[in-house]
Amino acid sequence: MLGWFGISERGAARTQVEEPAGVQSGLLSGTRVATGHGWRPVQALCAGDRVVTFDAGVQPLCGVTRIPVWTGEGACPSRFWPLDVGRGVLGNRAPVRVMPHQVLMLESDLAETLWGDPFALLPGVALEAVPGVTRVPPTQGAEVVVLHFESEQVIFAENGLMALCPASCNLLDYAQEHAGPRYHVLPLAEARGLVLAMARLETSTTLQDGVTPPGPRVFV
């Protein structure tokens with residue numbers, strides 16, 4: 001979701017500010033996603049390929065955008081660094097790396113208690129509040145891939161993770177021309193509060209029972 005988190009809830013006018021030479025969202029090349037023909041690396045997908053979605057079954061891609069994580073001079077600034085999420089930190093079956101502003105889907109009883117829906121969407125950077133999540137510099141030549149659908153969709157990725165992918169049009173245009181996005185993304189402060197509360201609940205359960213709970217499921 002490139003540029004989405006710089007947009008206020010009411011929308012924002014376009015500016016002429018020069019864009020940085022890096023990106024903070026998208027799926028890192030090498031990530032496998034569920035398609036109508038099984039698991040495939042995200043960088044191998046193209047327009048017309050059919051991808052499994054959370055709410056709409058198998059849907060065709062309208063487009064695929066590939067962008068280097070960093071194209072500027074010198075070392076990549078830390079704000080563009082991916083997040084390394086250790087195995088089991090938030091229910092993931094293996095270590096995963098996600099971009100800081102990629103939107104993740106999380107399933108939690110706490111979210112259902114707070115908002116009446118067990119599935120919450122949050123920016124990846126919110127996970128920095130959880131022990132076991134760190135920033136790591138991107139590998140040389142690393143790129144992200146953004147999958148576009150006719151309308152925004154949540155897709156399945158490997159290791160029990162899921163990701164929110166944008167509509168085929170520009171996200172700013174989508175926000176201004178439609179009544180609102182299909183999915184609501186938690187503001188960063190609320191998202192951090194949720195993951196911290198979940199981590200505290202897990203720690204409390206571990207201390208009381210003497211066993212490690214399975215933990216909530218987080219999707220990228």
Side-chain angles (χ1 to χ4, degrees), residues 1-5 23-47 49-67 69 80-85 87 89-108 111 117-128 130 133 136 138 142-171 174 181-186 188 191 194-195 216-220:
M1 296 196 49
L2 303 177
W4 179 252
F5 290 99
V23 295
Q24 300 185 59
S25 63
L27 299 175
L28 282 164
S29 183
T31 303
R32 295 192 305 161
V33 301
T35 75
H37 297 285
W39 294 96
R40 295 183 60 191
V42 67
Q43 71 274 16
L45 299 177
C46 60
D49 285 339
R50 298 175 65 82
V51 174
V52 181
T53 70
F54 184 71
D55 285 310
V58 180
Q59 292 292 316
L61 291 171
C62 293
V64 177
T65 304
R66 297 173 177 83
I67 315 166
V69 173
F80 298 118
W81 289 13
L83 297 168
D84 187 87
V85 183
R87 177 180 179 274
V89 168
L90 287 169
N92 47 303
R93 296 191 293 268
V96 295
R97 288 189 177 181
V98 300
M99 297 304 293
H101 281 185
Q102 173 59 46
V103 175
L104 316 178
M105 178 176 273
L106 172 152
E107 182 182 11
S108 164
D117 189 340
F119 296 99
L121 289 145
L122 50 82
V125 69
L127 299 182
E128 283 190 299
V130 180
V133 179
V136 292
E143 69 172 10
V144 297
V145 181
V146 180
L147 303 179
H148 302 269
F149 294 88
E150 182 176 350
S151 61
E152 58 183 354
Q153 300 288 345
V154 173
I155 67 167
F156 294 85
E158 59 189 338
N159 297 319
L161 306 179
M162 295 179 71
L164 179 62
C165 298
S168 56
C169 59
N170 177 274
L171 286 175
Y174 186 82
R182 179 176 182 178
Y183 296 97
H184 171 69
V185 181
L186 291 176
L188 183 55
L194 176 62
V195 296
R217 290 190 294 160
V218 168
F219 309 97
V220 60

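In this text, all values refer to a predicted model and were calculated from it rather than measured experimentally.
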Undergrad: Determine the minimum heavy-atom distance between L27 and V42, stating which atoms define it.
TA: CD1-CG2, 4.0 Å
Undergrad: Taking the side chain as C-beta and beyond, is there a heavy-atom pair between V154 and F119 under 4.5 Å?
TA: no
Undergrad: Do any N or O atoms from the side chain of T53 and from the backbone of G57 form a donor-acceptor pair under 3.5 angstrom?
TA: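 Yes.
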Undergrad: Would you say that V96 contacts L161 through its side chain, given a criterion of any heavy-atom pair below 4.5 Å between the two side chains?
TA: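 In short, these two side chains touch, coming nearer than 4.5 Å.
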Undergrad: Looking at CG of L164 and CG of L122, how far apart are the two atoms once the value is rounded to the nearest 0.5 Å?
TA: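 Spacing of CG (L164) from CG (L122) equals 11.0 Å.
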Undergrad: Determine the minimum heavy-atom distance between Q24 and F80, stating which atoms define it.
TA: CG-CD2, 3.4 Å
Undergrad: Using side-chain heavy atoms (C-beta onward) and a distance below 4.5 Å, is H101 in contact with V125?
TA: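 Yes - at least one pair of side-chain heavy atoms lies under 4.5 Å apart.
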Undergrad: Please check if the side chain of R87 supplies one atom and the backbone of R93 the other of a donor-acceptor pair under 3.5 Å.
TA: yes
Undergrad: To the nearest 0.5 angstrom, please state how far the CG atom of L121 sits from the CG atom of L186.
TA: 7.5 Å
Undergrad: What distance do T31 atom OG1 and E158 atom CD have between them, rounded to the nearest 0.5 Å?
TA: 6.0 Å
Undergrad: Quick check: closest heavy atoms across A47 and V64, and the distance to 0.1 Å?
TA: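 For A47 and V64, the tightest heavy-atom pair comes out as N-CG2, 4.1 Å.
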Undergrad: Considering non-hydrogen atoms only, spot the tightest contact between W81 and V136 and give its length.
TA: CB-O, 3.2 Å
Undergrad: Taking the side chain as everything from C-beta on, heavy atoms only, tell me whether P138 gets closer than 4.5 Å to P82.
TA: yes
Undergrad: Identify the two heavy atoms, one from A191 and one from A126, that lie closest to each other, and give their separation to 0.1 Å.
TA: CB-CB, 3.7 Å
Undergrad: If you round to the nearest 0.5 Å, how far is NE2 of H148 from SG of C62?
TA: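 Reported to 0.5 Å precision, the distance equals 9.5 Å.
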Undergrad: Any side-chain heavy-atom pair from D49 and R40 closer than 4.5 angstrom?
TA: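 Counting from C-beta outward, D49 and R40 do come under 4.5 Å.
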Undergrad: Hey, what do you get for CD (E152) to CG (L147), rounding to the nearest 0.5 Å?
TA: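 Atom-to-atom, E152:CD and L147:CG are 14.0 Å apart.
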Undergrad: Please give me the minimum heavy-atom distance between G124 and L104, naming the atom from each residue.
TA: CA-CD1, 3.8 Å
Undergrad: Quick one, I155 and F149 - any side-chain contact, counting heavy atoms below 4.5 Å?
TA: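 Yes, their side chains come closer than 4.5 Å.
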Undergrad: Side-chain contact test, heavy atoms from C-beta onward, threshold under 4.5 Å: evaluate it for M99 versus V69 and give yes or no.
TA: yes
Undergrad: Quick one: pull up OG in S151 and OH in Y183 and give me the separation to the nearest 0.5 Å.
TA: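 So the gap between those two atoms works out to 7.5 Å.
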Undergrad: Are the side chains of L106 and L194 in touch, meaning some heavy atoms are under 4.5 Å apart?
TA: yes
Undergrad: Taking E128 for the side chain and V133 for the main chain, is one N or O donor matched with an acceptor at less than 3.5 Å?
TA: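 No, the answer is negative, given that no donor and acceptor are paired below the 3.5 Å cut-off.
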Undergrad: Checking the side chain of E143 only, and the main-chain atoms of I67 only, is there a donor and an acceptor separated by less than 3.5 Å?
TA: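 No.
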